[in-house]
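Here the structure comes first, spelled out in structure tokens, and everything after it is commentary.
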Amino acid sequence: MSMSATVQAGAVPGPAKDHRTALRLGRRRHRVNLLVKLLCVLATVIGLLFLASILLTLIWRGIAGLSITVFTTNTLPPGSNGGLLNAIVGTLIQTALGTLIGTPIGLMVGTYLAEYGRHSPMANAVRFVSDVLLSAPSILIGLFIYQLCVEPFGGFSGIAGCLALAVIVIPIVVRTTEDMLQLIPPSLREAAVALGAPKWKMIVLICYRAAKDGIVTGVLLAVARIAGETAPLLFTSLGNLNWSLSLSQPMSSLPVTIYQYAGSAFDDWVQLAWVGALLITVGVLAVNVLARFALRGGR
Amino acid sequence: MIFAAAARFAGAFVLILLGAIIVLLFLGGLGAFSRFGPIFLVSAAWDPVKEVFGAAVPIYGTVVTSILALIMAVPIAFGIAFYLTELAPVWLRRPVGTAVELLAAVPSIIYGMWGFFVIAPVMAEYIQPFFIDSFEGIPILEDLFAGPPFGTGILTASLILAVMVIPFIAATMRDVFETVPPVYKESAYGVGCTTWEVMRSIVIPYTRVSVVGGIMLGLGRALGETMAVTFVIGNTNRITTSLFGPGNTIASIVALEFPESPAGSLKLSSLLALGFILFVISFIVLAISRLLLRPRLKT
């Protein structure tokens, strides 16, 4: 159906008097083609310019405030030369724990989808829900954990932040795990089964090993995603201007500190927000590139 | 057996998780729903002193910013996807593709800061005065582009959202464009079609459903985006006809008003009710997106 339209526009057979019309039509078609191509190049350039603008702004504003005190001093009141130490440590703890909690669950769900459920109605439902959760607004995950852990237990806490991040990790790991397990050639599984291995041994010893690079990529992408999350932490770990490693207390984090500082009226706080923004972006993008590298190495 | 049971349980856990999110958000919002009834959905009130709350303004802001963002993002994302699949030289595809994907990895709080410190001043200085002056005296456009050029507001928020969803839409479009069997395209080139004609008459008709799915995916992202919007939306609970006017989205009002909402208050309940509404909206959008995308990306 669509082909016929193209053919009509493209081929112009007929007597010589149509020759001029054909030439004109041909020129117009190629002009339109050129115009569209130019617009597409322009769109790509615009997209890349946005990325360049964000990165250059971060580097330009962030480097100006980068110093050793940022890494050695806690957040302090404005005007007292504070740093971001507690925020950095808080982000590392919450990201690590969130990943540690979320990864095994995501791995098992992915295993269920690829090895056990496959295309059963239950598995299709799980796959669907997991994909929806993958793009669900992260602020709602924060509200959910607030309702689940913060309000009943009477206070904001680092562990609540970890749980919120873990909920975000799960669907990311599910997606990559399932995709990677499905790529494993059947002959590998058959070989394992032929040797008399039970199914769980086949999965753990053969499939996980074969899919290792892909699974690692998924975990790294999840780390990169949650390290920069702000919204779910606002209602869970809240942020803490003091040094605290206790998981039952409110815990500081880099994104929440950036949020508080960037919106403040103090120049040194805004400066620190830029430094934090540079650190978190460099960290997130580095993990992202690393994840791609891991996947490419595996293929 | 234990392993299989654990995998099955993990699968069920995802379903339970979704159910728990819905139930807890609904229970949290129950106070507001039962107090105001269905009026809550259409009331534009937001008065913490008199304890009267309504969802109309944030819902309006969420929908308007997301749709404006899509209007700006879709053509650019399409251009990028077209460029990456048909136009770019092969050696350039991977770096440009990676750059676009990195744009998706930048944490949303960074977009917020970038929007507030870089885009908003540009809007206030150049773009908004230009539009206000150009459209002065033209009936409808005059109202649409009215008001003092603060730099922040609905249009700025939409612009930032557009930049954020471009990589998601572009990546999905690129993936679905690549599913078109090469023989279709080669046949079209063979009868003399230009690149744009192949795109318009072969690739787009073949992938139409999935392209809409990709756009819906971007919409789902834009609806729930919090931090980027919070910085530039202006936080005003009023429906303005001007695109330069301040406003609110569900996510931004939850993030901004939450700190002033004590546990158990009607205001907090109203925020949770808003969260529930946002979850329902984005669940529907994301579900449609999945249903449209599945047949093409899952073979």
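Order of the sequence lines sets the chain letters (A, B, ...), proteins ahead of strands, with each chain counted from 1. Predicted model only: the values in this text are computed from it and were never measured.
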Report task. Count the heavy atoms of every other residue, nucleotide or ligand shown that sit under 6.0 Å from CD1 of B:Ile2, and state whether that count exceeds 12. Result ->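 Open: at most 12 neighbouring heavy atoms sit under 6.0 Å from CD1 of B:Ile2.
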Looking only at atom types and distance, does a side-chain atom of [X] sit under 3.5 Å from a main-chain N or O of [Y], one as donor and one as acceptor?
X        : Y        : answer
A:Lys199 : A:Glu115 : yes
B:Ser252 : B:Thr249 : yes
A:Thr257 : A:Ser253 : yes
A:Ser130 : A:Val126 : no
B:Ser66  : B:Leu219 : no

What residue, out of [options], has the most heavy-atom pairs lying under 4.5 Å from chain A?
options                              : value
B:Leu18, B:Ile110, B:Thr98           : B:Ile110
B:Gly79, B:Gly224, B:Ala170          : B:Gly79
B:Ile22, B:Leu24, B:Leu102           : B:Leu24
B:Phe82, B:Phe258, B:Phe276          : B:Phe258
B:Met199, B:Glu86, B:Met227          : B:Met227
B:Phe116, B:Tyr83, B:Phe231, B:Phe78 : B:Tyr83

Can you measure from [atom1] ([X]) to [atom2] ([Y]) and round to the nearest 0.5 angstrom?
X        : Y        : atom1 : atom2 : result
B:Thr85  : B:Lys185 : OG1   : NZ    : 6.0 Å
A:Ile172 : A:Ile226 : CD1   : CD1   : 8.0 Å
A:Leu163 : A:Phe144 : CG    : CZ    : 9.0 Å

Is chain B contacted by the side chain of [X], its backbone, both, or neither, given a heavy-atom distance below 4.5 Å?
X        : answer
A:Ile203 : side chain
A:Val284 : side chain
A:Ala273 : both
A:Val132 : both
A:Phe235 : both
A:Ile46  : side chain
A:Ala224 : neither
A:Tyr261 : neither
A:Leu58  : side chain
A:Ile141 : side chain

What pair of heavy atoms forms the shortest contact from [X] to [Y], and how long is it?
X        : Y        : result
B:Ala188 : B:Ile202 : CB-CG1, 3.7 Å
B:Met173 : B:Ala81  : CB-CB, 3.5 Å
A:Ile168 : A:Pro232 : CD1-CG, 3.8 Å
B:Ala263 : A:Tyr146 : CB-OH, 3.8 Å

Answer with side chain, backbone, both or neither: which region of [X] has an atom nearer than 4.5 Å to a non-hydrogen atom of chain A?
X        : value
B:Thr194 : both
B:Phe9   : neither
B:Tyr111 : side chain
B:Val118 : side chain
B:Leu278 : both
B:Ser282 : side chain
B:Leu217 : side chain
B:Ala88  : neither
B:Ile21  : both
B:Leu223 : neither
B:Met113 : both

Report task. List in chain and number order the residues that pass side-chain contact (heavy atoms from CB on, under 4.5 Å) with B:Phe13, two or more places apart in sequence or in another chain; answer none if no residue qualifies. Result ->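 With neighbours one apart ignored, the set is A:Ile105, A:Ile170, B:Leu17.
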Query raised in the report: A:Met108, A:Glu229, A:Arg225: which one forms the most heavy-atom pairs within less than 4.5 Å of chain B?
Result: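 Ranked by contacts with chain B, first place is A:Met108.
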Query raised in the report: Quick one: of A:Ile54, A:Leu143, A:Thr111, A:Val45, who has the most non-hydrogen atom pairs under 4.5 Å with chain B?
Result: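 So the answer, after comparing A:Ile54, A:Leu143, A:Thr111, A:Val45, is A:Ile54.
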Requested in this report: Could you tell me whether A:Asp131 and A:Arg127 make a salt bridge, using a distance below 4.0 angstrom between a side-chain N and a carboxylate O?
Outcome: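 Here A:Asp131 does not pair with A:Arg127 in a salt bridge, since their nearest N and O are not under 4.0 Å apart.
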Query raised in the report: Would a 4.5 Å heavy-atom cut-off, applied to side chains only, mark B:Leu271 and B:Glu257 as touching?
Result: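 Yes. Closest side-chain heavy atoms under 4.5 Å.
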Requested in this report: Could you list all the side chain to side chain donor-acceptor pair (under 3.5 Å) pairs where at least one residue sits in residues 31-59 of chain A, not counting sequence neighbours?
Outcome: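 Side chain to side chain donor-acceptor pair (under 3.5 Å) check on residues 31-59 of chain A returns A:Ser53-B:Trp114.
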